[in-house]
Asker: 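Please see the structure below; I have some questions.
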There are 2 protein chains.
Amino acid sequence: MPRIGLDLPTLLQTATDIADESGLESVTLASVAQKLQIRSPSLYNHVNGLPDLRRHLAFRGLALLKERFERALEGKDGDDAVRAFSQAYLGFAREHPGLYEAVQRAPEPDDDALKQAMGEIVGYAVRALEGYGLRGDPAIHAVRAIRSLLHGFASLERQGGFGMPLDLDVTFRLMVETFLAGVKAMKDGGGEQG
Amino acid sequence: MPRIGLDLPTLLQTATDIADESGLESVTLASVAQKLQIRSPSLYNHVNGLPDLRRHLAFRGLALLKERFERALEGKDGDDAVRAFSQAYLGFAREHPGLYEAVQRAPEPDDDALKQAMGEIVGYAVRALEGYGLRGDPAIHAVRAIRSLLHGFASLERQGGFGMPLDLDVTFRLMVETFLAGVKAMKDGGGEQG
DNA sequence: TTATAATAACTAATGTCATTAGTTTTGACA
DNA sequence: TGTCAAAACTAATGACATTAGTTATTATAA
């Protein structure tokens with residue numbers, strides 16, 4: 001019975017690798033155990049079953065995302081903050097497609113800790129849009145809009161949803177600029193009709 | 001051995017109901033068979049296993065979506081076409097969350113029929129944006145942008161990603177208007193810098 | 001250095017699911 | 001009424017998650 005000295009970080013790193021290489025659905029206790037050369041019941045010494053493992057991956061993804069946002073937003077404001085935030089978001093989704101999936105899953109209704117961690121991430125979107133002087137409802141709408149835009153793009157790109165052979169980075173930058181232009185256009189004039 | 005006279009449409013309707021009520025992941029051969037009061041191997045008389053069932057659901061979702069787009073775009077152009085298209089898209093995602101999931105799944109690399117059906121759906125986005133006189137690359141970018149926006153919103157809404165208690169329909173309409181304003185703003189002037 | 005306790009990893013077993021092979025029997029049609 | 005395709009079945013296998021209970025390693029304390 002050669003003990004391998006497994007700990008939670010190692011387990012999560014292994015699961016992360018599988019997720020990012022083969023997708024979150026490929027993360028099973030069986031696949032993780034096999035990669036660690038261990039029997040799957042042994043994983044229960046470190047993790048409370050598959051749902052708990054996925055939850056850990058969500059936290060891990062959120063922590064990485066947070067780091068990126070911190071770095072990206074540092075010293076930026078106005079349009080540049082939104083651009084940097086958007087690039088950080090897409091960069092994460094591209095480098096960690098598996099963790100990105102994990103982060104997207106809806107938390108259990110009673111999982112307040114995970115909900116709070118997800119809320120913190122939304123907070124960075126709020127910060128990125130601060131420079132526009134939006135307050136109250138319009139600020140909430142704007143945050144929802146940029147989140148929709150970024151998640152939609154990241155999600156469609158990941159699953160190969162964009163067929164045409166045209167540079168996706170260009171689309172992305174243009175899309176963000178279009179959003180910024182739209183926000184500005186709506187600010188002076190369009191607000192009354194919605 | 002009382003034969004129930006199952007046919008493919010009935011099977012798919014049952015699977016659709018489960019998907020829309022409990023999510024696509026709840027659609028298993030076991031759950032469908034149970035709802036039909038049948039043993040799960042019997043389903044193989046109508047469907048080639050679970051992946052094939054999911055594929056059928058994707059086609060079914062695409063067909064319903066197509067109907068909606070046809071109806072929505074009839075006689076519309078310009079901004080109204082984009083608004084109608086967007087409402088049709090969101091309406092489908094809301095009424096058929098399970099089919100919506102099925103439609104989002106990446107097709108197998110060799111599944112040309114499904115790829116083509118998905119491409120047809122993208123064609124309606126192209127049609128909706130026709131009124132803006134975009135040609136070539138800018139048209140492709142714009143289609144990608146609206147798809148990102150719509151899918152992102154539908155996806156985040158479905159998984160309860162929007163926490164604040166503020167009317168989501170308002171956000172959605174405003175978001176589409178912001179997009180339209182952005183496209184217009186980019187058309188006259190902003191094109192050179194991105 | 002040695003005894004003890006915590007625990008990492010194990011085996012065995014159960015239950016769910018997808019899937020395949022092979023069987024029965026229904027129901028349509030000749 | 002007899003025949004035959006196929007709808008539904010049973011039985012069996014293999015992947016997976018999970019639980020219970022076992023073994024043995026390692027850290028810690030005497």
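Any value given below was found using the heavy atoms of this structure, including those in side chains, with hydrogens, waters and symmetry copies removed. Note on naming: letters A, B, ... go to the chains in the order of the sequence lines (proteins, then strands), and numbering restarts at 1 for each one.
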Asker: In whole angstrom, give the distance that lies between atom CG of B:Asp52 and atom P of C:dT19.
Answerer: 10 Å

Asker: If only side-chain N and O atoms count, and only distance matters, is there a donor-acceptor pair under 3.5 Å linking B:Gln87 with B:Arg173?
Answerer: no

Asker: Atom CD1 of A:Ile4 to atom P of C:dA9: distance rounded to whole Å?
Answerer: 5 Å

Asker: Could you tell me whether the side chains of B:His151 and A:Ser155 share a donor-acceptor contact shorter than 3.5 Å?
Answerer: yes

Asker: What do you reckon, are the aromatic ring centroids of A:His96 and A:Phe92 less than 6.0 Å apart?
Answerer: yes

Asker: Tell me, please, which residues at least two apart from B:Phe69 pass ring pair (Phe, Tyr, Trp, His ring centres under 6.0 Å).
Answerer: B:Phe85, B:Tyr124

Asker: Check this for me: A:Gln34, atom CD, are more than 12 non-hydrogen atoms of other residues, nucleotides or ligands nearer than 6.0 Å?
Answerer: no

Asker: Would you kindly give the CZ-to-C1' distance between B:Arg3 and C:dT26, to the nearest whole Å?
Answerer: 4 Å

Asker: Under 4.0 Å, heavy atom to any atom of DNA chain C: which of residues 28-51 of chain B qualify?
Answerer: B:Thr28, B:Leu29, B:Ala30, B:Ser40, B:Pro41, B:Tyr44, B:Gly49, B:Leu50, B:Pro51

Asker: I need the CG-P distance between B:Asp7 and C:dA28, as an integer number of Å.
Answerer: 14 Å

Asker: Does any donor atom in the side chain of A:Asp17 or A:Thr14 lie under 3.5 Å from an acceptor atom in the other side chain?
Answerer: no

